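Okay, so here's the structure we're looking at.
Atoms within a ligand are numbered from 1 in the order they appear, just like the ligands themselves. FYI, the numbering just counts along the sequence from 1. Quick caveat, the model's predicted, so the values are computed rather than measured.
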Amino acid sequence: MTMSQEYIEIRGARENNLQEVSLRLPKRKIIIFTGVSGSGKSSVVFDTIAQEAQRLLFENFSMFIRNFLPRYPLPDTDAIENLSMAVIVDQKRLGGGSHSTVGTVTDIAPVLRLLFSRIGTPHVGYANAFSFNDPQGMCLECNGLGRKIGIDPKALVDMTRSLNEGAVIAPGLAGWERDLYIRSGLFDNDKQLADYTPEEMDLLLNSEPRKYKLAIGNKEMNATYEGLLFKFNRKFITRDIQTLSERTRQQVEPLLRLGPCPLCKGTRLNQAALSCKINGHTIAELSAMEVGELVGVIQTIEEPAATPVIRTLTERLQHLVDIGLEYLSLDRPTDTLSGGESQRVKMVKHLNGSLVDVMYIFDEPSVGLHPRDVHRLNEQLENLRDKGNTVIVVEHDPDVMKIADYLVDMGPRAGSEGGQVVYEGDFAGLLKADTLTGNHLQFQRPIKETFRQSRGTLPIIHARANNLKDVSVDIPAGVLTVVTGVAGSGKSSLINEAFLRQHPEAVVIDQSPVGISSRSNPATYTGIMDDVRKAFAAVNRVDAGLFSFNSKGACSNCKGLGVTYNDLGFLEGVKLPCEVCGGKRFKDEVLGYTFHGKTITDILSMTIQQALAFFTIKDVQSKLQAMSDVGLDYLTLGQPLSTLSGGECQRLKLASELHKQGSIYVMDEPTTGLHLSDIGHLLTIMNRLVDGGNTVIVIEHHLDVIRNADWIIDMGPEGGNKGGSVIFEGTPQELLNATHSLTSHYLR
Ligand code: ADP
Ligand code: ADP
Ligand code: ZN
Ligand code: ZN
């Protein structure tokens with residue numbers, strides 16, 4: 001079949017830092033955008049192409065419908081032609097609360113329910129009788145949440161003691177109430193609770209009220225025995241907690257714990273749904289199975305009536321496997337997935353679908369993938385293209401760049417020094433191009449020769465979070481440790497859960513947003529703004545408060561925001577530049593004062609790099625230098641923090657920590673969003689932190705970071721149940737010889 005080549009045409013794009021960008025992008029091909037962060041990749045891909053596609057789509061709707069949709073303003077560009085519908089597959093976490101799972105968002109859960117409604121025994125009902133989101137299927141004890149607030153038994157008894165030694169530690173019990181357990185005659189009062197049989201434990205904790213004769217002296221009295229948990233549940237939980245007195249509530253609250261629902265055991269389904277089985281498995285068991293294993297189980301079902309359903313199910317599950325997510329289960333809540341996992345899960349939905357001539361737009365889809373698994377991602381991107389779609393990708397990983405039919409390299413640098421197309425064409429051409437990307441593709445960082453010696457250890461003891469197989473491992477203090485392993489092997493479980501639980505003093509530098517206030521910016525976040533205000537005040541002999549856009553100097557129309565929001569009822573607020581200050585954020589009177597010839601507004605619109613050349617104040621310089629060191633010199637001092645990407649937020653946090661000493665830092669994939677040329681910066685900073693007397697622990701796949709480590713902890717051997725062990729500890733040099741490690745293979 002020959003299809004005439006069509007092109008997406010963009011002329012004169014000017015969003016953010018773009019300098020009249022014109023492009024002719026081949027349709028039904030894989031197009032990859034490269035360039036340093038801040039060069040303008042997102043400005044072309046998201047703010048221009050995707051934005052216009054969304055806007056066009058919405059233009060098709062009637063005015064009435066459009067009132068319910070978000071507004072997409074016209075991108076700042078002369079022309080964009082020949083777009084298709086855009087599907088954006090980004091790293092935004094999949095929200096949706098606990099009712100949203102891998103099974104529901106991939107549309108696999110409904111197919112599995114259909115299968116149970118067809119061939120499950122005994123027959124329970126239609127497919128929705130197996131859905132925890134449906135009143136017919138959900139457990140009514142927990143309303144389909146699978147979890148319930150209950151009393152933590154650990155707060156009631158001390159397992160290391162016998163009843164005679166005071167094993168009942170439940171607070172709020174009178175002495176005689178405690179004694180009842182000893183005098184009940186039901187237990188061996190000298191036996192340590194840890195040695196109880198399950199039946200004895202059940203009797204102690206869960207027994208319903210029963211009558212018995214209580215011996216007091218030589219008399220017998222009628223008394224009632226009830227299990228401790230049962231008693232506390234009756235007194236505090238089954239009653240509305242709001243009706244308890246304030247004092248009782250304070251007593252009870254520390255006993256409460258969100259645990260699995262006692263009725264459905266966390267499966268969220270009612271007992272009817274749980275009684276129905278296929279080949280001996282309930283739907284809850286199949287949903288809790290790792291997808292890789294589930295595919296095998298489904299394939300063994302031989303049931304002619306269900307062949308089409310089984311085929312669909314297998315196909316969809318296989319997509320999850322193909323994209324490297326075989327270690328997930330269908331019942332996994334989507335809000336526990338990482339950004340990279342979320343993006344791949346969203347991708348699966350489209351692999352299932354049969355849309356053609358769509359523009360699929362991806363934002364660094366390789367995030368979180370071990371080098372071993374990148375080819376699987378590539379195959380899926382190629383699949384989408386081969387179905388007749390245009391695949392547009394922003395990416396830093398050379399192994400993904402290689403599959404591009406067409407590459408667009410943005411640059412030459414970031415911010416106002418970027419915004420241009422510096423190369424377009426194929427990968428071979430990019431390798432020879434004299435651009436930051438081209439130059440860095442040639443260069444390979446060597447493994448370090450000497451490694452820092454640890455100054456003691458930070459132990460992780462008996463870690464069992466998620467898939468961890470009772471891991472005990474020492475993290476060396478005062479050095480740079482990199483934790484490696486394929487996706488799902490247990491890196492985050494080991495560091496973000498086990499380590500942080502055992503070492504709460506560690507500082508996590510993650511990608512979550514910084515500064516919730518719409519007024520925060522790099523200057524306020526780092527404290528530079530305080531020094532700047534003081535400097536203005538001193539030179540002009542006025543009050544420093546004037547120069548804060550949170551106070552009296554602020555434009556009174558926009559309250560210092562520089563923009564006004566026109567709230568049109570249920571429409572999303574429309575943002576317009578303030579008509580009084582024109583976006584300058586300050587009163588005219590304030591703008592009359594200058595510092596070395598610049599107004600406060602001039603200063604806020606300086607980039608970090610410009611500010612570095614301008615300020616001589618020592619404190620300000622070191623803070624600016626720190627931001628420049630983490631590769632953020634293209635940001636302006638006044639850019640709202642809400643416009644920063646996750647990677648930029650992480651680097652800003654990093655910059656503000658650089659002057660500290662004796663701390664433990666934990667970072668999860670800090671190379672996200674970083675161009676090859678920025679990774680050198682990042683390494684310099686990590687080294688500076690360690691040389692300054694800190695411990696740095698990094699979860700990372702990037703080989704350049706691995707090569708720069710003092711110590712490697714490699715998790716594996718595979719993902720999910722097949723992972724969860726430490727398969728190597730040592731220096732990167734030693735890792736080269738660890739033949740059983742996948743990471744070692746890629747390092748060589
Ligand atoms: P990339 O995707 O290559 O990292 P971006 O397109 O996100 O680069 O950014 C290009 C430039 O535009 C950067 O200087 C960035 O700080 C700036 N920028 C991006 N979004 C906004 C925004 N909403 N407001 C102001 N400046 C922005
Ligand atoms: P990595 O960081 O190496 O990608 P993780 O520690 O995130 O690996 O995951 C290890 C295993 O634990 C995987 O099987 C994953 O699906 C599982 N897992 C991780 N987080 C959760 C969670 N919140 N709930 C259930 N399972 C989880
Ligand atoms: Zn339940
Ligand atoms: Zn204003």
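Counted by atom type alone, Q343 and D90 present zero donor-acceptor pairs between their side chains at under 3.5 Å. The closest side-chain donor-acceptor pair between T484 and H701, if any, does not fall under 3.5 angstrom. Counting only N and O atoms by type, the side chains of Q650 and T672 include no donor and acceptor under 3.5 Å apart. Side-chain atoms of D47 and S42 form no donor-acceptor pair, as typed in the model, at a separation below 3.5 Å. Defined by atom type and a distance below 3.5 Å, a donor-acceptor pair is present between the side-chain atoms of E424 and Y406. A donor atom on one side chain and an acceptor atom on the other are not found under 3.5 Å apart for N721 and N467. Between the side chains of T636 and S605, no donor-acceptor pair of N or O atoms lies under 3.5 Å. For T101 and D331, the side-chain atoms include no donor-acceptor pair closer than 3.5 Å. Under 3.5 Å, the side chains of E52 and T48 contain no donor-acceptor pair of N or O atoms. A side-chain donor from one of H370 and T743 sits under 3.5 Å from a side-chain acceptor of the other. Looking at E700 and T671, their side chains do bring a donor and an acceptor atom within 3.5 Å of each other.
Neither the backbone nor the side chain of M715 comes within 4.0 Å of ligand 2, counting heavy atoms alone.
For ligand 2, the atoms closer than 4.0 angstrom to any heavy atom of Y327 are 13 (C), 14 (O), 16 (O). Heavy-atom contacts of V486 reach the following atoms of ligand 2: 3 (O) (cutoff under 4.0 Å). Near A487, the atoms of ligand 2 lying under 4.0 angstrom from a non-hydrogen atom of the residue are 4 (O). Atoms of ligand 2 found under 4.0 Å from any heavy atom of L328 (numbered from 1 in listed order, with element): 16 (O). Within the listing of ligand 2, atoms 5 (P), 6 (O), 9 (O), 10 (C) sit less than 4.0 angstrom from a heavy atom of S493. Those atoms of ligand 2 that come under 4.0 Å of a heavy atom in G720, given as number and element, are 14 (O).
Legend: residues meeting side-chain hydrogen bond (donor to acceptor under 3.5 Å, both in side chains) with Q19, ordered by chain and number and at least two apart, are Q420. Applying the side-chain hydrogen bond (donor to acceptor under 3.5 Å, both in side chains) criterion to T106, with sequence neighbours excluded, gives no partner residue.
By the 3.5 Å distance cut-off applied to N or O atoms, K491 is counted among the residues near ligand 2. Checked by distance only, ligand 2 and R332 come closer than 3.5 Å through their nitrogen or oxygen atoms. At least one N/O-N/O distance between S489 and ligand 2 falls below 3.5 Å.
Residue G485 places every heavy atom at 4.0 Å or more from ligand 2. The closest approach between a heavy atom of G719 and any atom of ligand 2 is not below 4.0 Å.
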Checklist entry - Run the side chain to side chain contact (heavy atoms under 4.5 Å, CB included) check on W711 and E729 step by step: do they pass? => result CA-CA 7 Å; W711 194 251; E729 315 167 57; 4.0 Å; yes
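Heavy-atom minimum distance, Q639 versus N521: O-CB, 3.3 Å.
Listed by chain and number, residues touching ligand 1 at under 4.0 Å (heavy atoms only) are N16, N17, V36, S37, G38, S39, G40, K41, S42, S43, G415, Y634, L635, Q639, T643.
Among protein atoms, those of element N, O or S found less than 2.8 Å away from the Zn ion (ligand 4) are C555 SG, C558 SG, C578 SG, C581 SG.
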